[in-house]
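As structure tokens, the structure follows; a few thoughts come after it.
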Amino acid sequence: MNPSHNAPIPGELDSSFRGVSLPDGDAEVRILAAINEIHLRHRNNHEGELPTYIPELANADPHDFAISVVTTNGHTYNVGSIDRRFTLQSIANPFVYGLVLDLLGRERVLQSVGVEPTGNPFSAIVLDRKTNRPMNPMVNAGAIAIASMIPGATPTDRLNRLLALFACLLDEKPIVNMQVFISEKSTGDRNRSIAYLMRNFKMLEANIDETLDLYFQQCSVSVTAPQLALMAATLANGGVQPRSGREVYSRRSLRDVLTIMLTCGLYESSGTWVHRVGIPAKSGVGGGFMAVVPGRMGIAVYSPKLDQHGTSVRGQRACEDLATLLNLHVFGNTEARQR
Ligand code: GLN
């Protein structure tokens, strides 16, 4: 293999890594060396703030910091506080979007939720001016609309459908953090406003309280970093859970999920992220951060202090460094194959 394929492209991003050399050898040794190096590098970075608008999230331990990678052949690499649980929050959005795409089909979903990035924060009370659709399924408005489309005769049926999805992704029974659920439900007036605005425009037909409960429940699914990396690995592995071999998403829906993560996953900083790092990613105010390297690996970072956009500070930095060290940018290997 041409060694330049593994080397970071020269430039601004990797200048800080001069002097760090990963061991030669197979990709797996390099992954473990890289995450250890990155954990060491960022572990004393205490920038950012804990979120307070969902009061329970402010109780997180700001020192926690975990990095996990699960490759598409199912190997796991971990460093840091990997037993600590955190809630998915918006990281649930791409997973539920994929579920609804598979169940209802792309055309039906497109009628209700757009695919345009927004320059607005995730909780913006904004709909597309022409179509009245939420801009995309990664922001709260879009995620609430998607939750309202989960089929089922009763709220329990719909919750069971959601939990069955997470059970497939995790290959074990999912846990919903009830404290976080109650905390968000009792303070969630902004999301309630978004839901009423959508109903006003006839963009949300389901019962509002039931829809918000379901949305708050998906946000409150609680995972560890290795579990989140496994979930991301299913998105990296053509929609097939790498441990169980079970197909969770069709290829067609998966393509849409990854595309929207790439363009909209970090809300109003999505453009900067894709420019700098170039892999589909999703953040959540619970401090989790997930990225997907199609065909190769799922990446998860947990660190609860957030930047002004609601994204984990160390989550982004660690993931960016990993992408640099392992040359993961989707357009990072574009040298001509033929001259
Ligand atoms: N549950 C959170 C909310 O609705 C999710 C936001 C996020 O993770 N960005 O505000």
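All values below were derived from every heavy atom in this structure, side-chain atoms included, with hydrogens, water molecules and symmetry-related copies excluded. Every number for a ligand or one of its atoms is a count from 1 in the order of the listing. As the structure is a prediction and not an experimental result, all values here were calculated from the model.
- Between Thr211 atom OG1 and Ile144 atom CD1 the span is 9.0 Å, to the nearest 0.5 Å.
- Of the N and O atoms on the side chains of Gln316 and Asp307, at least one donor lies less than 3.5 Å from an acceptor on the other residue.
- At a cut-off of 3.5 Å, with distance as the only test, no side-chain donor of Asn140 or Ser123 sits close to an acceptor on the other residue.
- Cation-pi geometry between Arg314 and Phe65 is satisfied (NZ or CZ under 6.0 Å from the ring centre, within 45° of the ring normal).
- A donor-acceptor contact under 3.5 angstrom links the side chains of Arg108 and Ser112, judged on distance only.
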Atom pairs, nitrogen or oxygen, ligand 1 to protein, under 3.5 angstrom:
{"unit_1": "ligand 1", "atom_1": "1 (N)", "unit_2": "Gln89", "atom_2": "OE1", "d": "2.6"}
{"unit_1": "ligand 1", "atom_1": "1 (N)", "unit_2": "Glu184", "atom_2": "OE1", "d": "3.0"}
{"unit_1": "ligand 1", "atom_1": "1 (N)", "unit_2": "Glu184", "atom_2": "OE2", "d": "2.6"}
{"unit_1": "ligand 1", "atom_1": "4 (O)", "unit_2": "Asn140", "atom_2": "ND2", "d": "3.0"}
{"unit_1": "ligand 1", "atom_1": "4 (O)", "unit_2": "Glu184", "atom_2": "OE2", "d": "3.0"}
{"unit_1": "ligand 1", "atom_1": "4 (O)", "unit_2": "Asn191", "atom_2": "ND2", "d": "2.9"}
{"unit_1": "ligand 1", "atom_1": "4 (O)", "unit_2": "Tyr215", "atom_2": "OH", "d": "2.7"}
{"unit_1": "ligand 1", "atom_1": "8 (O)", "unit_2": "Ser90", "atom_2": "N", "d": "3.0"}
{"unit_1": "ligand 1", "atom_1": "8 (O)", "unit_2": "Ser90", "atom_2": "OG", "d": "2.9"}
{"unit_1": "ligand 1", "atom_1": "8 (O)", "unit_2": "Val285", "atom_2": "N", "d": "2.8"}
{"unit_1": "ligand 1", "atom_1": "9 (N)", "unit_2": "Ser90", "atom_2": "OG", "d": "3.0"}
{"unit_1": "ligand 1", "atom_1": "9 (N)", "unit_2": "Tyr267", "atom_2": "OH", "d": "2.9"}
{"unit_1": "ligand 1", "atom_1": "10 (O)", "unit_2": "Tyr53", "atom_2": "OH", "d": "2.6"}
{"unit_1": "ligand 1", "atom_1": "10 (O)", "unit_2": "Asn140", "atom_2": "ND2", "d": "3.2"}

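- A donor-acceptor contact under 3.5 angstrom links the side chains of Ser283 and Thr311, judged on distance only.
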